Amino acid sequence: MTEVLFLSSDEVTDLAEPADYVDAVRSAYRQRGRGAPAEPRTALESDDPPGMFTTYAAILPETGAMGGYMYSAGFGARDAWFVTPLYDAETGTLQAIIDGASMNPFKTGAAGAVGVDALAREDATEVAVFGSGAQARGQLRATATVRDLERVRVYSTTRENRIAFAEEMTDVLGIPVEAVPPGEGSLAGADIVITATNATEPVFDGTNLEPGTHVTAMGQYHTERFEIDATTVERSVYVPDLEDRVYQDAGAFLNARSKGAIDDDDHVHAELGAVVAGMADGRTDPEQITLFDSGGTGIETVAAAHLLYERARAENLGTVLSFSPASEALTGR
């Protein structure tokens, strides 16, 4: 029998700060740039009842961990459940099972922040955020750890939501966060633009992006979902989390390709891991528009899970479960 640590959502909460997630995820993408294995999501969809079951995974050799996510969303309960198994990359032993929902905005936000750190101008201080939910919180909190932000504007179609977000993030970050309805001036003065919405249509006009802007787009993980338009993709130095994912479910890229705005053989600049590892250039000109397309991978998931596992062990948190290895249980008897 093997002892496996189960971490509940309550135990995961407050185990790590956004900067801790960013450090772990940066290391993970560096490993990916050096060849660490990672695969795009597998999404199994159901029409009746409507829902999706998703998995993805990665191995981080230097971290010494591997694993990924599996989650259901929709179906009859109209909710979602995230489970993260974590394995030792040296022995293959199952180490932990983590209730993964509460860490999701932090690990995804950390991936966005690593993209900001690798691609945005060093002097970027102003952010425009589209979206006011959990993922927008995670993106903004993580981004604030890699740039000295001075002003944030949040755009959301629901007035109450954007006001509540602005008030909360002003307190959390200690900088002015202004609630603004979407409109023509959305991008004015923004050095960093973050999209974290459920939109299926573009939330801004890419012709209005100012030279030197960096865009983090993290709602592009379905062929029919593109919260940024073809012009934004066309104008950008395009950097995805995983290149294989681009041709599978990166909705904004696929939309731009279908409209003839880009040549798909040339427009993918490099994966984020290659930029972080120094295998490819990131921003080479302050006037460039850069775009990190973050659809979610096992890279940041395993990095975050390992961080939480190590913290939980140090603080004696979690419930120990007994698992039988195949050498003992796979008998056929």
Side-chain angles (χ1 to χ4, degrees), residues 5 7-9 11-39 41 56-69 71 82-90 94-120 134-135 137-147 194 216 218 239-242 271-279 282 292 294-315 317-318:
L5 194 65
L7 296 177
S8 70
S9 181
E11 289 165 331
V12 165
T13 302
D14 298 328
L15 261 183
E17 295 296 321
D20 301 323
Y21 283 99
V22 172
D23 288 343
V25 171
R26 182 185 292 109
S27 172
Y29 271 97
R30 185 176 296 113
Q31 291 171 64
R32 169 61 185 171
R34 294 170 179 165
E39 291 292 330
R41 77 178 67 234
Y56 49 71
I59 301 175
L60 303 179
E62 295 172 33
T63 302
M66 58 187 180
Y69 247 169
Y71 64 90
F82 293 75
V83 179
T84 304
L86 181 71
Y87 296 81
D88 186 300
E90 183 68 28
L94 180 63
Q95 293 181 314
I97 298 174
I98 300 173
D99 183 344
S102 59
M103 81 170 184
N104 185 286
F106 294 98
K107 63 93 179 175
T108 307
V114 171
V116 168
D117 205 26
L119 299 169
Q135 297 294 352
R137 287 189 200 94
Q139 291 291 332
L140 182 56
R141 291 185 66 185
T143 296
T145 72
V146 298
R147 288 295 183 272
I194 296 170
T216 295
M218 53 82 57
V239 176
D241 43 18
L242 284 176
E271 287 188 4
L272 178 62
V275 176
V276 174
M279 306 296 183
F292 174 48
S294 174
T297 76
I299 301 167
E300 58 265 24
T301 304
V302 175
H306 183 263
L307 168 67
L308 296 172
Y309 171 67
E310 291 293 323
R311 291 286 178 87
R313 288 180 62 197
E315 297 186 23
L317 294 174

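Computed from a predicted structure; not experimentally measured.
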* Structure fact -> Between the CZ atom in R30 and the CD1 atom in I299, the distance rounded to the nearest 0.5 Å is 13.0 Å
* Can you check whether I59's main-chain N or O pairs, donor with acceptor, with Y87's side chain at less than 3.5 Å? -> no
* Applying side-chain contact (heavy atoms from CB on, under 4.5 Å), run through Y56 and T301 and close with a yes or a no. => CA-CA 9 Å; Y56 49 71; T301 304; 3.4 Å; yes
* P85 to L94 - nearest heavy-atom pair and separation -> CB-CD1, 4.3 Å
* When you look at CD of E90, are more than 12 heavy atoms from neighbouring residues, nucleotides or ligands closer to it than 6.0 Å? -> no
* Atom CD in E17, atom CG in D23: separation rounded to 0.5 Å? -> 12.0 Å
* Pair Y21, R141: side-chain N/O donor-acceptor within cut-off below 3.5 Å -> no
* **Separation of L317 CG from L15 CG (nearest 0.5 Å)** => 5.5 Å
* To do: Would you confirm whether T108, through its side chain, and P105, through its main-chain N or O, come within 3.5 Å as a donor-acceptor pair?
  => no
* Asked: Among all residues two or more places apart in sequence or in another chain, which pass the side chain to side chain donor-acceptor pair (under 3.5 Å) test with T143?
  -> none
* From I98 atom CD1 to S8 atom OG, the distance as rounded to the nearest 0.5 Å -> 10.5 Å
* Does G318 offer a backbone N or O that forms a donor-acceptor pair with the side chain of E11 under 3.5 Å? -> yes
* **Qualifying residues under ring-ring contact (aromatic ring centres under 6.0 Å, His included), relative to Y29, sequence neighbours excluded** => none
* Asked: Can you name the nearest heavy-atom pair linking L119 to G282, along with the distance?
  -> CD2-CA, 3.8 Å
* **Residues V83, Y69; criterion side-chain contact (heavy atoms from CB on, under 4.5 Å); working and verdict** => CA-CA 6 Å; V83 179; Y69 247 169; over 6 Å; no
* Heavy-atom closest contact (A312 atom, L7 atom, distance) -> CB-CD2, 3.5 Å
* Give the intermediate values and the outcome of salt bridge (Lys or Arg N to Asp or Glu O under 4.0 Å) for residues R32 and D241. => CA-CA 10 Å; R32 169 61 185 171; D241 43 18; over 6 Å; no
* **Which atom of P18 lies closest to which atom of T145, heavy atoms considered** => CB-CG2, 4.1 Å
* Asked: Rounded to the nearest 0.5 Å, how far does CD of E300 lie from OG of S294?
  -> 5.5 Å
* To do: Identify the two heavy atoms, one from K107 and one from T297, that lie closest to each other, and give their separation to 0.1 Å.
  => NZ-O, 4.3 Å
* Pairing of R34 and E62 as salt bridge, 4.0 angstrom limit -> yes
* Would you confirm whether T63, through its side chain, and A65, through its main-chain N or O, come within 3.5 Å as a donor-acceptor pair? => no
* Any idea how Y309 and H306 line up, ring-wise: parallel (<30°), tilted (30 to 60°), or perpendicular (>60°)? -> tilted
* Shortest non-hydrogen contact from A111 toward L272 -> O-CD2, 4.1 Å
* Would you check if the side chain of R26 reaches a backbone N or O of V114 as a donor-acceptor pair within less than 3.5 Å? => no
* Could you state the interatomic distance from CZ (F292) to CD (E271), rounded to the nearest 0.5 Å? -> 10.0 Å
